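Counting begins at 1 with the first residue of the sequence. Please read these numbers as outputs of a predicted model, since none were measured by experiment.
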Amino acid sequence: MDGRDGRDDVAVIDVGSNSVRLVLYRLEGRAIWTVYNEKVLAGLGRDIAATGRLSPEGVKMALPALRRFASIVEGVRPAAVLTAATAAVRDAEDGEEFRQRVAAETSLQVRVLTGEEEARYAALGVLAGAPDSEGIAADLGGASLELCRVGGGKVEGGVTLPLGPFSLATPEGFDADHARALIAERLKPMARDYSGAVLHAVGGGWRSLAQIHMSMVDHPLRIVHQYAMTAQQAHDTAHLVAHQSPASLARTPGVSKRRVETLPYAALVLEGLLEHCGFNRVEFSAWGLREGLLFEAWRRRWCPPILSWPVARPSGCARACPPACPGRWKAG
């Protein structure tokens with residue numbers, strides 16, 4: 001990324017299990033500005049649990065969106081374009097076919113992230129937005145939940161679990177008892193390794209829960225990033241949402257019509273994490289995987305780092321670093 005006048009424009013395209021999104025960022029010094037943000041709730045992973053394949057309707061919605069995103073990127077000509085796909089494309093039988101079709105129709109080269117990579121990028125995004133974060137970063141997408149430990153400016157571990165709304169849904173519709181049983185079964189083996197005091201919640205479903213709580217308590221500043229709740233407040237909000245009818249949820253401030261279907265599952269997963277992992281506080285992050293991808297690309301250019309990374313400096317690095325640089329970053 002070689003910007004003029006200290007500026008870079010970077011495009012990040014996130015092909016998720018529920019949404020397909022383009023965000024254009026402007027980097028000035030060490031400041032990151034969002035200059036354009038467009039999302040389509042395509043639902044690529046809607047049929048994964050039942051068929052093992054991408055949703056045909058989701059593909060029909062995602063491809064035009066990606067063609068539009070490619071046209072925008074072509075017009076903007078950013079310094080870098082980062083395109084990544086997550087659980088739906090990774091796990092679907094026809095995921096590679098979809099990736100090749102995207103390349104043929106848009107020239108976008110989609111990088112399919114592993115589950116561990118997805119978890120670590122989400123955690124990186126949390127740290128990029130709040131460098132002093134400590135605890136567990138949890139990113140809930142349409143098909144999966146990623147967990148990663150954050151602390152001391154570092155990310156550690158990383159695991160993916162089939163706990164997204166599309167992985168919990170049944171053909172018969174929302175079944176809270178069935179979903180709770182699956183959540184408990186899949187969380188319990190990981191609970192000891194991914195417990196902590198603070199849960200850093202990432203994902204659109206959980207941001208909607210934060211907005212609902214803001215409305216309930218008449219919070220004066222409606223900004224989700226770093227909004228915090230006690231475990232009891234979060235549990236009560238999640239319990240309330242999980243027991244509402246779709247019609248009631250659709251009338252709730254802060255809930256889009258497209259979120260009504262998946263929000264009860266997001267609430268149950270949050271309940272499960274609070275019950276099995278012993279968190280006493282939930283902090284919501286507006287930054288996640290996309291910002292993690294951006295931050296990794298950015299750190300290869302800037303030195304010294306904002307955060308310390310446990311990687312050895314390559315031999316022969318000719319970068320003119322300030323004396324304070326610990327030499328722990330990979331040269332760009």
Quiz item: Can you tell me if Glu296 uses its side chain to pair, donor with acceptor, with the backbone of Leu293 under 3.5 Å?
Solution: no
Quiz item: According to a 4.5 Å side-chain heavy-atom criterion applied to Ile, Leu, Val, Met, Phe, Trp and Tyr, with indirect links allowed, do Val76 and Leu82 form part of one hydrophobic cluster?
Solution: no
Exercise. Indicate yes or no for a side-chain donor-acceptor contact from Gln211 to the backbone of Val224 under 3.5 Å, with no hydrogens or angles considered.
Key: no
Self-check item: Whether Thr252 side chain and Val255 backbone form a donor-acceptor pair below 3.5 Å
Solution: no
Self-check item: Short N-O contact, Glu261 and Arg46, less than 4.0 angstrom
Solution: yes
Self-check item: Check against side chain to side chain contact (heavy atoms under 4.5 Å, CB included), Ile183 and Leu268
Solution: CA-CA 8 Å; Ile183 291 166; Leu268 289 179; 3.7 Å; yes
Quiz item: Ignoring hydrogens and geometry, is there a side-chain-to-backbone donor-acceptor pair from Thr106 to Leu108 under 3.5 Å?
Solution: yes
Quiz item: Which atom names give the shortest non-hydrogen contact between Leu249 and Pro264, and what distance separates them?
Solution: CD1-CG, 3.7 Å
Self-check item: Ile72 reachable from Val12 in the ILVMFWY side-chain graph, under 4.5 Å edges
Solution: no
Quiz prompt | Partner of Arg90 under salt bridge (Lys or Arg N to Asp or Glu O under 4.0 Å), chosen from Glu116, Glu118, Glu117 | solution = Glu118
Quiz prompt | With His213 via side chain to side chain donor-acceptor pair (under 3.5 Å) - residues at least two apart | solution = Tyr227
Exercise. Go through Glu105 and Arg101 one step at a time and tell me if the salt bridge (Lys or Arg N to Asp or Glu O under 4.0 Å) criterion holds.
Key: CA-CA 6 Å; Glu105 295 187 18; Arg101 187 173 174 186; 2.8 Å; yes
Practice problem: Report yes or no: does Ser133 contribute a side-chain atom to a donor-acceptor pair with the main-chain N or O of Leu127 at less than 3.5 Å? | Solution: no
Exercise. Take Val198 and Phe279 through the side chain to side chain contact (heavy atoms under 4.5 Å, CB included) test and state the conclusion after the steps.
Key: CA-CA 6 Å; Val198 182; Phe279 300 106; 5.8 Å; no
Quiz item: What are the two closest non-hydrogen atoms of Gln226 and Ala130, and how far apart are they?
Solution: NE2-CB, 3.5 Å
Exercise. Taking all non-hydrogen atoms of both residues into account, name the closest pair between Ala119 and Cys148 and its distance.
Key: O-CB, 3.7 Å
Practice problem: Would you mind telling me which of Asn18, Ile48, Asp47 makes a side chain to side chain contact (heavy atoms under 4.5 Å, CB included) with Phe166? | Solution: Asn18
Quiz item: Is there a donor-acceptor pair under 3.5 Å between the side chain of Glu291 and the backbone N or O of Gly288?
Solution: yes
Self-check item: Donor-acceptor pair, side chain of His225 and main chain of Ala286, under 3.5 angstrom
Solution: yes
Quiz item: Would Arg120 and Glu156 pass as an ion pair if we require N to O under 4.0 Å?
Solution: no
Exercise. Work out which heavy atom in Glu93 is nearest to a heavy atom in Thr51; give both atom names and the distance.
Key: OE2-O, 4.1 Å
Practice problem: Begin with the C-alpha distance, continue with both residues' side-chain angles, and end with the deciding distance and a verdict on side chain to side chain contact (heavy atoms under 4.5 Å, CB included) for Cys277 and Ile136. | Solution: CA-CA 10 Å; Cys277 298; Ile136 302 298; over 6 Å; no
Exercise. Just grab all the ring-ring contact (aromatic ring centres under 6.0 Å, His included) pairs involving residues 228-263, residues at least two apart or on different chains.
Key: His239-His243
Exercise. Please name the residue in the list Arg290, Lys39, Arg21 that meets the side chain to side chain donor-acceptor pair (under 3.5 Å) test with Asp14.
Key: Arg290
Quiz item: Would you say Val241 and Leu163 are hydrophobically clustered, going by side-chain heavy atoms of ILVMFWY under 4.5 Å?
Solution: yes
Exercise. Provide the full list of salt bridge (Lys or Arg N to Asp or Glu O under 4.0 Å) pairs with a residue in residues 217-235, sequence neighbours left out, each pair given once.
Key: Asp218-Arg222
Quiz item: Aromatic ring centroids of Phe174 and Tyr265 under 6.0 Å?
Solution: yes
Practice problem: Mind running salt bridge (Lys or Arg N to Asp or Glu O under 4.0 Å) on Arg281 and Glu283 for me, showing each step along the way? | Solution: CA-CA 7 Å; Arg281 180 179 171 88; Glu283 292 185 7; 2.9 Å; yes
Quiz item: When clusters are formed by joining ILVMFWY residues with side-chain heavy atoms under 4.5 Å apart, either directly or through shared neighbours, do Val126 and Val282 land in the same one?
Solution: no
Quiz item: Is it the case that one hydrophobic cluster holds both Leu270 and Val159, taking links as side-chain heavy atoms less than 4.5 Å apart, direct or via other members?
Solution: yes
Quiz prompt | Exceeds 12 heavy-atom contacts within 6.0 angstrom, atom CZ of Arg68 | solution = no
Quiz item: side-chain hydrogen bond (donor to acceptor under 3.5 Å, both in side chains) between Glu146 and Ser144: does it pass, once the steps are laid out?
Solution: CA-CA 7 Å; Glu146 279 69 45; Ser144 63; 2.7 Å; yes
Quiz item: If you take all heavy atoms of Pro253 and Ser215, which pair is closest and at what distance?
Solution: CB-OG, 3.8 Å
Quiz item: For the residue pair Trp206 and Ala138, what are the closest heavy atoms and their distance?
Solution: CZ3-O, 3.3 Å
